[in-house]
Undergrad: 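Structure in structure tokens, see below.
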Amino acid sequence: MEGNGFTRRGVLRAGALGAAASALPLVNVHGQTSGGRLALGLWDHWVPAGNDEMRRIVMDWGQKNKVEIQLDFITSVGNKNLLTIAAESQAKQGHDMLSFPTWEVHAKSELLEPMDDIMGRLSGKYGALNPIVEYLAKVEGKWRAVPAISGSQNKPALGRMDLLKQHAGIDIQAMFPANANPGSTAGNWNWDTFLKAAEASHKAGFSFGLPIGQFTDATDWIGSLFRSFGAELVNSKGDITAKSDNVRKVLEYAKQLCTFLPGDVFSWDDASNNRALISGKSALIFNPPSAWAVAKRDAPQVAEQCWSFPAPAGAQGRFTPYLPYFWGVWSFSRNKGAAKALVEYLSQREQAELMVKASNGYDIPPFTSMTDFKTWETEGPPPGVVYNYPVKPHHNSQQFIACYPAPPEIAVQMYNQGIQAKMIARVVQNNETPDRAIAWAEREIEGFKRG
């Protein structure tokens with residue numbers, strides 16, 4: 001999965017190293033030029049058809065509005081998108097509009113054009129927004145970017161129907177079917193049930209694939225686990241609140257859970273959980289549909305048994321890991337008007353539905369009113385495998401990013417350093433007490449605040 005991999009300061013330092021990235025080759029598609037010229041740097045989609053559809057949408061808009069489009073798809077592999085952002089922000093030149101990963105809007109907010117006018121119109125038209133996008137893109141009361149459809153992902157549970165039914169006695173398709181009527185056992189899907197299922201699956205040789213490390217697939221599921229226990233390390237004011245019963249409880253729970261996970265999860269990388277599922281060795285991971293899509297191509301017998309369903313609930317509720325992208329326009333753009341017009345066009349329901357369809361349901365729009373696209377009902381096999389991938393009202397779940405509600409300048413460092421995963425590692429691998437792990441985390445966070 002895509003991840004930042006850099007601290008905020010590290011990205012700034014990388015700008016000098018990535019200066020050449022500000023002049024990435026642009027693929028020119030000729031259009032009528034009376035509307036000016038627009039240079040775009042969009043995320044290079046994991047699903048190839050996602051790029052194809054985005055190119056078609058953008059070029060069609062350019063022709064209709066007489067804007068000459070220069071389009072570049074920038075990969076997140078090797079953090080090339082982050083290097084591009086850093087280099088362009090230093091050089092004050094480059095693309096007019098860029099796709100910004102999760103934390104980068106705050107990092108570059110002083111150089112981004114306000115988007116309050118666009119967000120006002122979109123919210124008025126489509127209703128409620130996920131509050132996490134406001135946390136990540138609204139700086140000092142102003143929207144500095146628009147939440148993107150392309151690239152934004154959830155990470156709910158992705159499980160094997162056959163293995164969970166056979167070994168854990170859980171029918172996940174009946175519990176969360178491909179419709180708005182959850183089964184009678186859905187209310188029992190909590191972390192206690194999850195622990196019992198993990199134990200049963202482990203004993204049967206199909207351990208849950210839950211990585212514990214310093215990368216996004218680990219940080220995201222662990223962050224939601226902490227939040228569902230009410231285990232907050234830093235509050236919205238920036239106060240360190242790690243010394244609490246809830247943090248102790250989640251660490252004690254994690255120690256129990258780790259006894260039923262593969263022994264090497266602390267050394268896994270960001271693709272290990274995907275490989276575990278696709279190879280048929282795991283009964284459950286937390287992931288977007290990309291793992292299922294690869295299985296559909298490489299291991300169809302596995303794909304046919306996959307099903308997406310919500311994360312377990314804790315005492316404080318149910319939280320789905322969420323990693324959004326954003327579309328932002330540089331304040332030094334030479335064609336701000338066209339750039340903002342394109343952002344607003346891409347954010348409309350019609351374009352969102354096309355992106356979701358092209359990405360096999362991977363892309364997640366930011367508006368609750370856009371979680372009813374047919375793609376999530378019909379994609380398969382099995383049909384409906386990704387119906388529960390977007391957060392639906394009947395899930396009683398909230399999209400969530402790890403380390404919220406800490407102020408973003410602190411949260412991004414906690415996130416990139418994998419503080420919560422490291423706390424678990426200290427308790428499990430070093431056999432430290434929860435209080436000792438908490439004391440370590442407090443020292444680390446104090447350093448982030450001073451930095």
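Values in this document were obtained by computation on a predicted structure and should not be read as measured data.
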Undergrad: To the closest 0.5 Å, what do you measure between CD1 (Ile74) and OG1 (Thr84)?
TA: 4.5 Å
Undergrad: Would a 4.5 Å heavy-atom cut-off, applied to side chains only, mark Cys258 and Phe266 as touching?
TA: yes
Undergrad: Below 4.5 Å, heavy atoms only, C-beta onward: do Trp292 and Trp307 meet side chain to side chain?
TA: no
Undergrad: Once you round to the nearest 0.5 Å, how far does OG of Ser282 lie from CG of Leu210?
TA: 7.0 Å
Undergrad: Decide if atom NZ of Lys255 counts as having more than 12 heavy atoms of other residues, nucleotides or ligands within a radius under 6.0 Å.
TA: yes
Undergrad: Testing the 3.5 Å rule here: is there a donor-acceptor pair between the side chains of Asn190 and Thr193?
TA: yes
Undergrad: Hey, could you give me the CD1/CG distance between Ile172 and Asp162, rounded to the nearest 0.5 Å?
TA: 9.0 Å
Undergrad: Do Val133 and Tyr322 touch side chain to side chain, with heavy atoms closer than 4.5 Å?
TA: yes
Undergrad: Between Lys340 and Glu344, does any NZ, NE, NH1 or NH2 come within less than 4.0 Å of an OD or OE carboxylate oxygen?
TA: no
Undergrad: What verdict does the side-chain contact (heavy atoms from CB on, under 4.5 Å) test give for Leu40 and Leu342, after you've listed the backbone C-alpha separation in whole Å, the side-chain angles of each residue and the deciding distance to 0.1 Å?
TA: CA-CA 10 Å; Leu40 310 175; Leu342 176 58; 3.5 Å; yes
Undergrad: Hey, can you pull the donor-acceptor pairs under 3.5 Å for the side chains in residues 228-241, sequence neighbours left out?
TA:
from	atom 1	to	atom 2	distance (Å)
Ser228	OG	Trp191	NE1	2.8
Ser228	OG	Ser224	O	3.3
Ser228	OG	Leu225	O	2.8
Asn235	OD1	Lys237	N	2.9
Asn235	OD1	Gly238	N	3.1
Asn235	OD1	Asp239	N	2.9
Asn235	ND2	Asp239	OD2	3.3
Thr241	OG1	Glu232	O	3.0
Thr241	OG1	Leu233	O	3.4

Undergrad: Measure the spacing between OG of Ser99 and CG of Asn81 and express it to the nearest 0.5 Å.
TA: 8.5 Å
Undergrad: Tell me, do Trp330 and Gln93 make a side-chain contact under 4.5 Å, heavy atoms counted?
TA: no
Undergrad: Hey, is Glu88 close enough to Lys108 for a salt bridge, meaning N to O under 4.0 Å?
TA: no
Undergrad: Can you list, pair by pair, the side-chain donor-acceptor contacts under 3.5 Å of residues 139-152, counting residues two or more places apart and other chains?
TA:
from	atom 1	to	atom 2	distance (Å)
Arg144	NH1	Leu112	O	2.8
Ser152	OG	Ala148	O	2.8
Ser152	OG	Tyr325	N	2.9

Undergrad: Within a strict 4.5 Å, meaning less than it, do heavy atoms of the Tyr253 and Phe194 side chains meet?
TA: yes
